[in-house]
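Notes follow once the structure below has been shown.
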Amino acid sequence: MKCVHCGTKLRNESNFCLKCGAPVNAMECYIKEMTESGRVLSRKTDKESLEHIKELTGKIFERTHLNPDLKYEVRAFFEAYLPKITNVLSGYKGIKGQKDEDGRMKDLRDDLTDVLNTTERAFELMYTELCDNDIMELKINIEALKAQISRDGLLDSDFVIKE
């Protein structure tokens with residue numbers, strides 16, 4: 001991951017860039033790297049997959065800020081996928097434009113399309129799982145509140161608030 005401000009390679013555990021001192025926002029760093037490397041993509045479907053991955057990255061990060069308990073679970077997911085997808089895109093950027101005399105570049109583009117589609121699906125599944133967990137947690141909280149209201153006798157028809 002590189003610093004959004006100066007481009008210095010960052011350590012995963014850093015909170016600040018050691019070169020420019022700017023605070024590290026991992027989501028911004030990865031999205032910037034994916035955007036820069038993704039500019040060399042020529043297939044419309046690859047560009048769309050990458051845009052969707054970036055969109056889902058933002059949504060997943062947002063979910064972790066809303067529910068800090070998810071931060072560690074999602075962190076492992078991001079640490080597994082974001083560096084690899086940015087490395088793949090950077091590697092592709094480095095060899096894009098080479099002559100394709102034996103069809104290897106076409107095969108490479110096909111492999112890149114497959115990995116972008118697979119990564120996009122993985123991010124969709126993670127986001128869906130986070131949303132499902134939120135829904136389940138909300139249902140549990142609703143049932144607990146209903147039970148508490150019932151236990152406190154607030155559902156009885158003869159309940160009257162005295163002034």
Side-chain angles (χ1 to χ4, degrees), residues 1-140:
M1 170 170 65
K2 295 178 184 174
C3 175
V4 174
H5 305 285
C6 70
T8 302
K9 186 170 174 70
L10 299 169
R11 295 182 182 151
N12 285 343
E13 68 279 356
S14 296
N15 291 323
F16 294 91
C17 175
L18 297 177
K19 183 175 181 184
C20 71
V24 173
N25 180 322
M27 180 188 70
E28 287 178 11
C29 294
Y30 281 122
I31 287 179
K32 183 176 180 183
E33 280 187 63
M34 286 189 279
T35 300
E36 288 176 2
S37 297
R39 288 189 182 123
V40 299
L41 297 174
S42 54
R43 293 179 177 170
K44 182 181 177 187
T45 56
D46 292 350
K47 290 178 182 181
E48 289 170 350
S49 289
L50 183 59
E51 285 304 311
H52 196 215
I53 291 167
K54 291 178 352 187
E55 176 187 337
L56 289 167
T57 298
K59 287 180 176 181
I60 292 168
F61 264 107
E62 186 178 310
R63 286 271 180 204
T64 63
H65 290 297
L66 295 174
N67 185 348
D69 295 337
L70 298 172
K71 194 173 252 181
Y72 297 106
E73 181 181 333
V74 172
R75 181 179 180 181
F77 175 80
F78 277 141
E79 286 176 355
Y81 286 98
L82 288 177
K84 289 179 181 149
I85 194 68
T86 54
N87 285 341
V88 165
L89 290 169
S90 294
Y92 182 72
K93 179 181 174 183
I95 64 168
K96 173 89 165 129
Q98 289 184 5
K99 292 186 180 187
D100 191 15
E101 297 168 359
D102 57 1
R104 290 188 316 168
M105 289 301 290
K106 184 197 176 310
D107 291 343
L108 184 63
R109 279 191 304 274
D110 291 344
D111 289 344
L112 180 62
T113 297
D114 288 343
V115 79
L116 284 171
N117 290 336
T118 302
T119 304
E120 180 182 15
R121 184 71 184 129
F123 276 62
E124 286 172 348
L125 291 171
M126 174 56 84
Y127 183 67
T128 299
E129 185 178 321
L130 291 174
C131 290
D132 289 348
N133 287 344
D134 288 347
I135 290 168
M136 183 61 70
E137 187 174 317
L138 183 57
K139 284 182 178 183
I140 290 169

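FYI, side chains are in, hydrogens and waters are out, and symmetry mates aren't considered; it's all heavy atoms of this structure.
Counting non-hydrogen atoms of other residues, nucleotides and ligands closer than 6.0 Å to CD of Glu62 gives a total of 12 or fewer.
Using a 4.5 Å heavy-atom threshold, the side chains of Val88 and Leu116 count as separate.
Electrostatic pairing of Asp100 and Arg104 does not count as a salt bridge here, judged by no charged N lying under 4.0 Å from a carboxylate O. Between Arg109 and Asp114, no side-chain nitrogen of the basic residue sits less than 4.0 Å from a carboxylate oxygen of the acidic one, so the salt-bridge criterion is not met. A salt bridge is absent between Glu51 and Lys47: the closest approach of a Lys/Arg side-chain nitrogen to an acidic carboxylate oxygen does not fall below 4.0 angstrom.
A distance of 10.0 Å separates OG1 in Thr35 from CD in Glu33, rounded to the nearest 0.5 Å. Remark: Arg121 CZ to Thr128 OG1 distance equals 7.0 Å, nearest 0.5 Å. With rounding to the nearest 0.5 Å, the separation of OH in Tyr30 from OG1 in Thr57 is 10.5 Å. Once rounded to the nearest 0.5 Å, the distance linking CZ of Arg63 with SG of Cys131 reads 4.0 Å. Note: His52 NE2 to Thr45 OG1 = 14.0 Å, rounded to the nearest 0.5 Å. Between the CG atom in Leu56 and the OG1 atom in Thr119 there is a gap of 11.5 Å [rounded to 0.5 Å].
At distances below 3.5 Å, not a single donor-acceptor pair connects side-chain atoms of Ser37 with backbone N or O atoms of Met34.
Smallest separation of non-hydrogen atoms from Cys6 and Thr8: SG-OG1, 2.9 Å.
For Phe61 and Phe78, the distance between ring centers is under 6.0 angstrom. A centroid separation of 6.0 Å or more is found between the aromatic rings of Phe123 and Tyr127.
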After noting the C-alpha distance and the side-chain angles of Val40 and Leu89, does the key distance pass the side-chain contact (heavy atoms from CB on, under 4.5 Å) rule?
-> CA-CA 9 Å; Val40 299; Leu89 290 169; over 6 Å; no
Just do the side-chain contact (heavy atoms from CB on, under 4.5 Å) check on Leu112 and Leu41 with the steps written out, would you?
-> CA-CA 10 Å; Leu112 180 62; Leu41 297 174; 3.5 Å; yes
Show your reasoning for whether side-chain contact (heavy atoms from CB on, under 4.5 Å) applies to Ile95 and Met105.
-> CA-CA 9 Å; Ile95 64 168; Met105 289 301 290; 4.2 Å; yes
Salt bridge (Lys or Arg N to Asp or Glu O under 4.0 Å) between Lys106 and Asp111: does it pass, once the steps are laid out?
-> CA-CA 9 Å; Lys106 184 197 176 310; Asp111 289 344; over 6 Å; no
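For Asn117, the side chain to side chain contact (heavy atoms under 4.5 Å, CB included) partners two or more places apart in sequence, or in a different chain, are Ser49, Thr113, Glu120.
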